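Data block below; observations after.
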Amino acid sequence: MDELNQLILQRRDKLEKLHKLGINPYPYHFDRTHTSQEIIDQFQDLNEKGVSVAGRIMSNRQMGKAAFFHLQDMKGKIQVYLKKDEVGDTEFELYKLLDIGDIVGIFGKVFKTRTGEISIFCQKLELLSKSLRPLPIVKEKIEDDHKVVFDPFSDKELRYRQRYVDLVVNPHVREVFIKRSKIITGMRQFLDQYEFLEVQTPILQPLYGGATARPFVTHHNALDMKLYLRIADELYLKRLIIGGFEGVYEFGNDFRNEGIDRFHNPEFTQMELYVAYKDYAWMMEFTENMVSQTAHKVLGNMKIKFQNQTIDLTPPWKRLPLFEGIKEYTGIDISQMEEEALRNTAEDLGIAAENSWGSGKIIDEIFGEFVEPKLIQPTFITDYPVEMSPLAKKHRENPRLVERFEPIIAGKEIGNAFSELNDPLDQRERFEAQMNLRAKGDEEAQVLDEDFLRALEYGMPPTAGLGIGIDRLVMLLTDSASIRDVIFFPQMRPE
RNA sequence: GGGCCAGUAGCUCAGCCGGUAGAGCAGCGGCCUUUUAAGCCGUUGGUCGAAGGUUCGAUUCCUUCCUGGCUCACCA
């Protein structure tokens with residue numbers, strides 16, 4: 001508990017006075033007829049008409065026996081003009097006990113002030129919730145048609161810890177999260193056109209799989225067993241394909257017990273999709289259509305600005321096989337190299353390859369260092385080495401590769417997809433190879449899932465699968481530099 | 001985990017080659033019945049992130065720690 005400072009004590013004092021005036025500072029409901037935005041949009045029709053609005057007081061200018069203040073609701077702000085002659089002594093007393101941050105309801109007539117601002121001439125004022133804690137005051141003015149903000153609430157630590165305050169005083173933050181919601185809705189609408197089934201699969205799993213990452217571990221008391229928070233949905237969604245659903249998707253949170261930085265939060269959102277009888281080539285087209293159409297729906301454009309770069313999401317996106325990409329950006333053809341040669345090449349390129357790394361890991365490092373950051377425009381990197389992708393189907397033309405792609409935009413992968421491995425014997429071998437890596441000390445190597453293999457043995461149709469990192473996509477479409485700006489409550493150390 | 005930077009009033013920030021703190025906004029009091037970063041006059045408010053050290057004296061110098069940001073490493 002922090003101590004009650006003077007400002008809070010003053011507000012508690014006002015609360016007492018309100019009680020003494022017989023006013024309930026926390027009443028039960030309020031009937032509003034319009035939002036702030038509706039009044040502004042429909043001013044021609046509403047001028048001189050009675051309306052009621054509700055919202056939080058965000059500014060206050062008292063001038064003797066009259067006052068102006070702004071109310072903020074979900075859609076914006078509207079000015080209220082109040083004068084003592086109109087509302088009477090009692091309500092003017094109430095007004096004087098109000099603070100910025102209080103939530104009030106107003107009945108009044110729409111009008112335009114002398115300076116031209118659409119406002120409400122208050123006839124009745126009702127307190128809906130007394131605020132006891134001072135909000136950061138952010139002042140702004142319109143200059144040359146754009147908004148100038150003074151002393152914005154900008155301390156990142158405070159903004160993340162008290163996101164509720166951030167949302168109240170920083171409209172652009174609200175916008176980002178509205179867009180986030182629209183992006184997810186847009187994707188869902190796109191997916192539903194195909195009649196895919198939206199499903200939920202377990203978050204608490206006895207075995208974790210579907211990705212290479214360290215898990216969070218927890219314990220179930222009644223069953224007295226270890227459980228893991230999922231690192232991916234993949235293996236359960238494929239079980240559903242085996243069960244006969246021919247298209248399933250899930251928006252869900254995955255949990256990875258790894259570092260935190262501006263691209264990583266331990267808890268993040270992913271959309272995974274699996275479609276029977278399709279392959280990764282089909283999925284590439286699907287992906288570029290879904291992302292570009294969602295962007296168009298939310299932003300009205302397929303050309304977007306991201307960190308001072310212009311990115312064109314219009315399909316088709318470039319297809320670039322992994323080895324060709326590495327050749328293009330390093331001049332070295334590593335496609336035929338064995339582990340030893342790869343290791344030497346990596347060293348020559350200045351990458352300190354650790355002993356536990358297999359060839360897949362080394363290739364991934366070279367790619368991540370020399371190619372990925374250069375891929376600003378949307379690019380599908382395709383055809384990864386088989387060791388890097390234990391759940392992907394071997395390439396139809398080259399058994400050393402798998403049919404996999406990652407969509408890369410602005411130098412960051414936003415997803416991962418493949419023709420799903422449905423050969424149960426091959427899958428068992430791949431799992432075993434992973435177990436060997438694990439035995440060598442690779443803590444992120446995947447674990448063998450006997451039930452998943454049993455499911456595969458019953459037969460899974462040819463299937464294409466896709467995972468899209470929703471947080472990264474939202475960053476891209478909202479021009480946000482940090483994942484913390486697109487997650488309401490990013491992980492923080494306790495205060 | 002490494003490197004760099006930051007933490008001073010409710011918010012945004014000054015100050016600091018040592019002498020126990022300032023501004024703007026907010027708040028409080030006064031004037032003001034169409035203002036808009038309203039204005040004018042007055043005024044309250046701080047264990048200067050925490051602990052230790054150096055010193056007659058530390059917000060200022062040193063050490064350690066805490067929290068956060070950026071960045072590198074690992075990863076989606």
Side-chain angles (χ1 to χ4, degrees), chain A residues 2-11 13-14 58-70 77 79-87 92 96 99-101 111-117 119 121 132-143 147-162 165 169 210-214 231-232 254-270 351-352 354 357 361 364-365 368-369 372 406-408 412-416 443-444 467-473 475 481-484 490 492-495:
Chain A
D2 52 350
E3 294 141 54
L4 298 177
N5 71 26
Q6 177 186 301
L7 297 172
I8 291 177
L9 289 172
Q10 282 168 349
R11 288 186 179 216
D13 192 48
K14 289 178 183 173
M58 295 301 286
S59 68
N60 189 20
R61 293 178 291 281
Q62 196 188 338
M63 298 171 305
K65 298 181 181 61
F68 288 91
F69 54 91
H70 278 94
K77 286 182 192 168
Q79 181 172 254
V80 176
Y81 174 54
L82 175 140
K83 70 176 180 179
K84 195 174 179 179
D85 288 352
E86 185 69 23
V87 297
F92 201 73
K96 286 201 282 189
D99 287 293
I100 288 174
F111 78 113
K112 204 178 255 187
T113 61
R114 206 157 54 189
T115 51
E117 179 166 349
S119 305
F121 184 27
L132 296 180
R133 201 171 272 273
L135 225 42
I137 305 298
V138 179
K139 294 206 171 192
E140 57 194 39
K141 71 170 175 183
I142 308 293
E143 198 169 70
K147 202 161 69 176
V148 187
V149 178
F150 299 87
D151 300 331
F153 178 58
S154 56
D155 184 299
K156 287 192 179 175
E157 184 171 358
L158 282 177
R159 286 184 46 225
Y160 298 145
R161 286 193 194 280
Q162 301 187 37
V165 175
V169 303
T212 37
R214 265 175 292 196
I231 58 172
D254 294 337
F255 307 85
R256 299 191 184 172
N257 207 338
E258 287 159 356
I260 298 175
D261 63 26
R262 75 194 170 96
F263 294 104
H264 300 87
N265 194 62
E267 170 177 3
F268 65 103
T269 303
Q270 200 160 204
I351 294 169
E354 290 173 23
W357 294 4
K361 177 76 175 165
D364 198 34
E365 287 297 320
E369 184 69 22
E372 191 176 52
E406 291 194 353
I408 308 219
K412 274 283 164 190
E413 50 194 291
I414 62 154
N416 187 17
E443 285 182 64
E444 293 188 346
I468 294 284
I470 297 297
D471 311 287
R472 295 238 176 124
L473 181 62
M475 285 171 68
S482 169
I483 198 168
R484 295 182 196 97
M492 306 279 277
R493 285 203 166 79
E495 284 181 68

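Sequence lines set the chain letters: A, B, ... in the order given, protein chains first and strands last, and positions in each chain run from 1. Computed from a predicted structure; not experimentally measured. Values reported hereafter were calculated over all heavy atoms of this structure, with side chains retained and with hydrogens, waters and symmetry mates removed.
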| remark: For nucleotides 20-31 of chain B, 5' to 3', base contacts (B), sugar-phosphate-only contacts (S) and non-contacts (-) with protein non-hydrogen atoms under 4.0 Å give ----BSSSS---
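One N or O on the side chain of A:R256 and one on the backbone of A:I231 form a donor-acceptor pair closer than 3.5 Å. Not a single donor-acceptor pair under 3.5 Å links the side chain of A:D99 to the backbone N or O of A:G101.
The nearest whole Å value for the distance from the CZ atom in A:R61 to the C1' atom in B:rA38 is 7 Å. The distance from atom CG of A:N5 to atom P of B:rC11 is 9 Å, rounded to the nearest whole Å. Taking atom CZ of A:F153 as the reference point, atom P of B:rG68 lies 15 Å away to the nearest angstrom. Rounded to whole angstrom, the span from the CG atom of A:L132 across to the C1' atom of B:rG10 amounts to 14 Å. Between the CD atom of A:Q162 and the C1' atom of B:rC11 there is a distance of 11 Å, rounded to whole Å. Per the geometry, CD1 belonging to A:I483 stands 13 Å off P belonging to B:rG69, to the nearest Å. In this entry the distance linking CE of A:M58 with P of B:rA37 reads 16 Å, nearest Å. Here the C1' atom of nucleotide B:rA38 and the NZ atom of A:K141 are 12 Å apart, to the nearest Å.
Counting any heavy atom pair closer than 4.0 Å across all strands shown, A:K84 reaches no nucleic acid atom. Nucleic acid contact for A:D364: none, since no nucleic acid atom lies under 4.0 Å from a heavy atom of the residue. Contacts of A:S59 with the nucleic acid, taken as non-hydrogen atoms under 4.0 Å apart, are absent. A:E365 comes within 4.0 angstrom of the backbone, heavy atoms only, and of no base. If you check every strand for non-hydrogen atoms under 4.0 Å, A:R159 touches nothing. Within 4.0 Å (heavy atoms only), A:R493 reaches sugar-phosphate atoms of the nucleic acid but no base atom. Here A:R161 lies in heavy-atom contact (under 4.0 Å) with sugar-phosphate atoms only. Residue contacts shown for A:L158 are limited to sugar-phosphate atoms, with no base heavy atom under 4.0 Å away. Among the protein residues, A:Y81 comes within range of the nucleic acid bases, having at least one heavy atom under 4.0 Å from a base atom. Note on A:E495: nothing from the nucleic acid sits closer than 4.0 angstrom, heavy atoms only.
Under the Watson-Crick or G-U wobble criterion, with both distances below 3.5 Å, B:rC70 is paired with B:rG3. In this entry B:rA38 has no Watson-Crick or G-U wobble partner, no candidate having both defining distances under 3.5 Å. Base pairing analysis places B:rG22 opposite B:rC13; the two distances defining the Watson-Crick or G-U wobble pair are each below 3.5 Å. Pairing for B:rU59 is absent, judged as Watson-Crick or G-U wobble with the two contacts each under 3.5 Å. Pairing partner, B:rG27: B:rU43, with both Watson-Crick or wobble hydrogen-bond distances short of 3.5 Å.
Remark: the separation of the C1' atoms in B:rG57 and B:rA21 is 16 Å, to the nearest Å. Atom C1' of B:rG68 sits at a distance of 25 Å from the matching atom of B:rG22, rounded to the whole Å. Distance noted for atom P between B:rC11 and B:rG49: 13 Å (whole Å). B:rG27 and B:rC70: their P atoms are spaced 33 Å apart (whole Å). When the P atom is used for both B:rG10 and B:rG46, the distance is 8 Å, rounded to whole Å. Using P as the reference atom, B:rU20 and B:rU63 are 25 Å apart when rounded to the nearest Å. Separating the P atom of B:rU8 from that of B:rU71 is a span of 23 Å, rounded to the nearest Å. Comparing the P positions of B:rU44 and B:rU60 gives an interatomic distance of 26 Å, to the nearest angstrom.
Applying the side-chain contact (heavy atoms from CB on, under 4.5 Å) test to A:K112 and every residue at least two apart in sequence or in another chain returns A:F43, A:I118. In this view, A:Q62 and A:A67, A:F92, A:Y95, A:K96 satisfy the side-chain contact (heavy atoms from CB on, under 4.5 Å) rule, not counting sequence neighbours. For the side-chain contact (heavy atoms from CB on, under 4.5 Å) test, residues two or more places apart in sequence or in another chain that qualify with A:T269 are A:R180, A:N253, A:I470, A:D471. When the side-chain contact (heavy atoms from CB on, under 4.5 Å) test is applied to A:E117, the partners found at least two apart in sequence or on another chain are A:H70, A:Q79, A:T113, A:S119.
With hydrogens and angles ignored, no donor-acceptor pair under 3.5 angstrom links the side chain of A:R114 to the base of B:rU34. A donor-acceptor contact under 3.5 angstrom links the side-chain atoms of A:T113 to the base of B:rU35.
Each of B:rU33, B:rU71, B:rU35 was ranked by its minimum atom distance to the side chain of A:E117; first place goes to B:rU35. Here the side chain of A:D261 is nearest to one of B:rG68, B:rC74, B:rU35, namely B:rC74. Side-chain proximity of A:Q79 to B:rC70, B:rU35, B:rA73: nearest is B:rU35. Residue A:D155 places its side chain closer to B:rU12 than to any other of B:rG10, B:rA37, B:rU12. Picking from B:rU67, B:rU33, B:rU35 the nucleotide with the shortest atom distance to the side chain of A:K65 gives B:rU33.
The side chain of A:R262 contributes an N or O atom lying less than 4.0 Å from OP1 or OP2 of B:rU71. Using a 4.0 Å cut-off, no side-chain N or O of A:R133 falls inside it from OP1 or OP2 of B:rC11.
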List the atom pairs, donor and acceptor, that lie under 3.5 Å between side-chain atoms in residues 150-158 of chain A and the rest of the protein, sequence neighbours left out.
residue, atom, partner, partner atom, Å
A:S154, OG, A:P152, O, 3.4
A:D155, OD1, A:E157, N, 3.0
A:D155, OD1, A:L158, N, 3.0
A:E157, OE2, A:R161, NE, 3.1
A:E157, OE2, A:R161, NH2, 3.3

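Between A:I408 and A:E372, the closest heavy-atom pair is CD1-OE2, 3.6 Å. Of all non-hydrogen atoms in A:I260 and A:P266, the two that sit nearest each other are CG1-CD, 3.7 Å.
Taking the six-membered ring for Trp and thresholds of 30 and 60 degrees, A:Y81 and A:F111 have ring planes inclined between 30 and 60 degrees apart.
Atoms NZ and CG, from A:K412 and A:L473 in turn, are 15.0 Å apart once rounded to the nearest 0.5 Å.
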